[in-house]
Structures are given as structure tokens and as C-alpha cells.
Amino acid sequence: MNNGLYLYGILPAPISEKVVLEGLDQQPVQSYSVDGFNFLYSEAKKEKYLTSRRNLLCHEKVLELAMSEGFRTLLPLRFGLVVKTWETVTDQLTRPHKEKLEELFQKLEGRREVSVKVFWNSQSEIQGLLESNVSLKKKRDAMEGKALSRSEIIEIGKLIENGLQVRKQTVIDVFRSELNALALEFVESDTMTEEMIYNAAYLIPWESESNFSEKVEAIDHKFADRLRIRYNNFTAPYTFAQLS
């Protein structure tokens with residue numbers, strides 16, 4: 001173990017030896033108890049791991065498989081965490097953050113994280129905006145084929161941008177009104193692409209996921225083909241397991 005230990009997450013109880021998990025570099029995943037906290041780890045074959053899709057998916061798979069084996073209450077650790085010794089874990093994590101870790105375990109007991117990412121086609125939305133706003137469409141159509149001044153370009157651009165913002169906010173308000181009340185906590189994050197208009201994570205009771213997913217599906221039907229909704233109902237609770 002010259003390169004140390006690669007850490008995946010923390011469990012409140014040790015994982016059974018019957019549970020077979022494969023980690024990075026095809027190494028077997030084991031659990032080790034430090035100060036009453038049980039760490040999922042494998043032997044590190046590198047001092048530093050490249051943040052590649054393959055490695056990230058492997059890290060996530062270890063956590064999700066542990067959850068699917070019944071270890072639902074789990075504190076995920078960030079990708080790429082390699083330590084030389086367990087003493088490092090004690091000095092830098094379990095001893096200084098013992099109370100906070102225990103609080104997080106209590107907070108996540110019987111609860112799960114789900115997430116919703118909403119996408120739309122901006123060009124289709126511009127067309128929809130023009131079709132629903134006759135005066136704006138007439139103004140835009142009147143400019144077609146003409147040599148426009150800088151001020152005219154800026155004016156029509158702002159009108160379309162403001163109209164899109166209103167349409168976007170209308171969509172977001174529906175998600176908020178329908179889903180936020182079902183969650184114990186929710187966090188809205190930055191959108192990651194131009195076509196993504198909403199990005200939120202929710203902490204919900206484990207047994208209420210089917211009701212939550214039905215609400216997401218109902219919203220999807222409400223907007224017909226305007227939106228693409230990416231709903232993740234099974235993921236390690238990164239959003240709600242923050243030490244800080």
C-alpha cells in the first residue's frame with residue numbers, strides 16, 4: 001500500500017464481508033473502522049487519480065452499490081481522496097469533525113437525495129415567444145432584410161432576452177411550487193449548460209420517492225415536449241452531506 005488508501009464514503013456500520021464491491025483499478029472495496037466511523041476504501045494504485053468519466057463513474061458506482069445493499073445512510077467523500085495512513089483520517093477528519101459527522105448521519109437517516117435538471121431548446125422557445133407575442137413578432141419581422149443599426153439590434157435582442165427570461169421563470173416557478181413542498185430540504189444550484197434552465201436537489205423521506213417521481217412526471221406532461229427533464233432518484237447524498 002505504498003500509494004496509500006483511496007476513500008469512497010463513510011457508513012455508520014461496517015459493511016458485510018459478503019458484499020463484493022470493486023473500486024478503482026479493479027481493487028476490492030473494504031471497510032475499516034476509525035473512531036466509530038466505517039470507511040469504504042480500496043488500496044490506491046496511484047498517488048493521484050485523473051478526474052475522468054471512467055474514474056468518476058467507478059467512484060459513484062461503489063457508493064450506489066453500497067446503498068443498494070441496504071446501507072442507505074451513507075456520507076459520500078469527494079472523488080480523488082487518497083490518504084497515506086488511517087492516522088491521517090483521524091487527525092484531519094474524524095477527530096476534529098466527530099460531532100458534525102454524527103449530526104449528518106442523524107440528518108440522513110431514512111432520507112435520500114434526488115435531483116432534477118431541466119433543459120429546453122432555446123431556439124424553439126424563441127419561436128414560441130414570438131408566436132405568443134404578436135407585437136414582438138411584428139417588430140422582429142419588420143427588421144428582417146434591413147440593415148440594422150447597433151441600437152436596433154440591441155433593442156430587439158433585449159426584448160427577446162426579457163421574454164425568454166419570463167418564460168423560463170414561469171417554468172421554474174412550476175417546479176418550485178410542485179416539488180419544494182415535498183422535500184425536507186432543497187438546494188438550487190447553478191445551471192451547467194446554456195440549454196439547462198433549472199438544477200435542484202431535494203432531500204426526501206426514503207419511502208416517498210414514488211410520489212415525488214409521479215409529480216415530476218406530471219410536470220413533464222404539463223409542458224408537453226417543451227422540456228427535457230433529467231430525474232435522478234438514486235444517488236449518494238453529496239448535496240446534503242456537507243461538513244461546512
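Atom CD of residue Gln26 and atom NZ of residue Lys45 lie 11.0 Å apart, to the nearest 0.5 angstrom. Here the CZ atom belonging to Arg78 is positioned 9.5 Å from the CG atom belonging to Leu7, to the nearest 0.5 angstrom. Between the CG atom of Asn38 and the OG atom of Ser31 there is a distance of 6.0 Å, given to the nearest 0.5 Å. For the atom pair Leu159 CG and Asn162 CG, the distance stands at 7.0 Å (nearest 0.5 Å). Distance CG/Asn211 to CG/Leu182: 6.0 Å, rounded to 0.5 Å. Note that CG of Leu164 and CD1 of Ile126 are 5.0 Å apart. Values are rounded to the nearest 0.5 Å.
Ser124 meets the side-chain contact (heavy atoms from CB on, under 4.5 Å) test with Asn121; sequence neighbours excluded. When the salt bridge (charged side-chain N to carboxylate O under 4.0 Å, His left out) test is applied to Lys46, the partners found at least two apart in sequence or on another chain are Asp25. Residues that satisfy the salt bridge (charged side-chain N to carboxylate O under 4.0 Å, His left out) test with Lys215, not counting sequence neighbours, are Glu178. For Arg95, the salt bridge (charged side-chain N to carboxylate O under 4.0 Å, His left out) partners are Asp91, not counting sequence neighbours. Evaluation of the side-chain contact (heavy atoms from CB on, under 4.5 Å) rule for Tyr32 yields Val34, Tyr41, Trp86 as partners, not counting sequence neighbours. Residues that satisfy the side-chain contact (heavy atoms from CB on, under 4.5 Å) test with Ser213, not counting sequence neighbours, are Glu209, Tyr231. Arg228 pairs by the salt bridge (charged side-chain N to carboxylate O under 4.0 Å, His left out) definition with nothing, not counting sequence neighbours. Ser177 is linked by a side-chain contact (heavy atoms from CB on, under 4.5 Å) to nothing, counting only residues two or more places apart in sequence or in another chain.
Hydrophobic clustering (ILVMFWY, side-chain heavy atoms < 4.5 Å, transitive): Leu227 and Phe212 are in one cluster. In the hydrophobic clustering of ILVMFWY residues, with side-chain heavy atoms under 4.5 Å counting as a link, Ile229 and Phe223 come out together.
The closest side-chain heavy-atom distance from Val166 to Gln169 is not below 4.5 Å. Side-chain contact between Pro14 and Ser33: absent, with no pair of heavy atoms (C-beta onward) separated by less than 4.5 Å. Contact of the Tyr198 side chain with the Thr191 side chain is not registered, since no non-hydrogen atoms from C-beta on lie closer than 4.5 Å. Proximity of Phe39 to Leu77: side-chain heavy atoms (C-beta onward) are separated by under 4.5 Å at one or more points. Using a 4.5 Å cut-off on side-chain heavy atoms (C-beta onward), Met192 and Asn199 make contact.
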Checking Gln30 against Ser42 for the side-chain hydrogen bond (donor to acceptor under 3.5 Å, both in side chains) test, could you report, in this order, the C-alpha distance in whole Å, the side-chain angles of both residues, the deciding distance, and whether it holds? CA-CA 6 Å; Gln30 307 170 65; Ser42 60; over 6 Å; no
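Surrounding CG of Asp225 are at most 12 heavy atoms belonging to other residues, nucleotides or ligands under 6.0 Å away. Taking a 6.0 Å sphere around CZ of Phe186, one finds it holds 12 or fewer heavy atoms contributed by other residues, nucleotides or ligands.
When all heavy atoms are compared, the tightest approach of Glu22 to Cys58 is O-SG, 4.2 Å. Nearest heavy-atom pair, Thr239 versus Ala201, reported as atom, atom and distance to 0.1 Å: OG1-CB, 3.7 Å. Of all heavy-atom pairs between Ile160 and Leu129, the closest is O-CD2, 3.6 Å. Of all non-hydrogen atoms in Thr90 and Thr94, the two that sit nearest each other are CA-OG1, 3.1 Å.
One side chain, Ser122 or Glu195, offers a donor N or O that lies under 3.5 Å from an acceptor on the other. Side-chain polar atoms of Glu87 and Thr85 form a donor-acceptor pair below 3.5 angstrom.
None of Thr73, Leu243, Ile10 except one satisfies the side-chain contact (heavy atoms from CB on, under 4.5 Å) rule with Leu104; the exception is Leu243. Residue Ile197 forms a side-chain contact (heavy atoms from CB on, under 4.5 Å) with just one option from Lys168, Glu125, Lys117, and that option is Lys168. Here the rule is side-chain contact (heavy atoms from CB on, under 4.5 Å) with Arg176, and of Ile172, Leu179, Val174 only Ile172 fits it.
Membership of the apolar cluster around Leu40 extends to Tyr6, Tyr8, Leu11, Ile15, Val19, Leu21, Leu24, Val29, Tyr49, Leu56, Val62, Leu63, Leu65, Met67, Phe71, Leu74, Phe79, Val82, Trp206, Phe234, Tyr238, as traced through chained side-chain contacts below 4.5 Å between ILVMFWY residues.
Among residue pairs with one or both ends in residues 97-114, those qualifying as salt bridge (Lys or Arg N to Asp or Glu O under 4.0 Å) are Lys98-Glu102, Lys107-Glu185; sequence neighbours excluded. For residues 53-75, the set of pairs meeting the salt bridge (Lys or Arg N to Asp or Glu O under 4.0 Å) definition, not counting sequence neighbours, is empty. Among residue pairs with one or both ends in residues 92-137, none qualify as ring-ring contact (aromatic ring centres under 6.0 Å, His included); sequence neighbours excluded.
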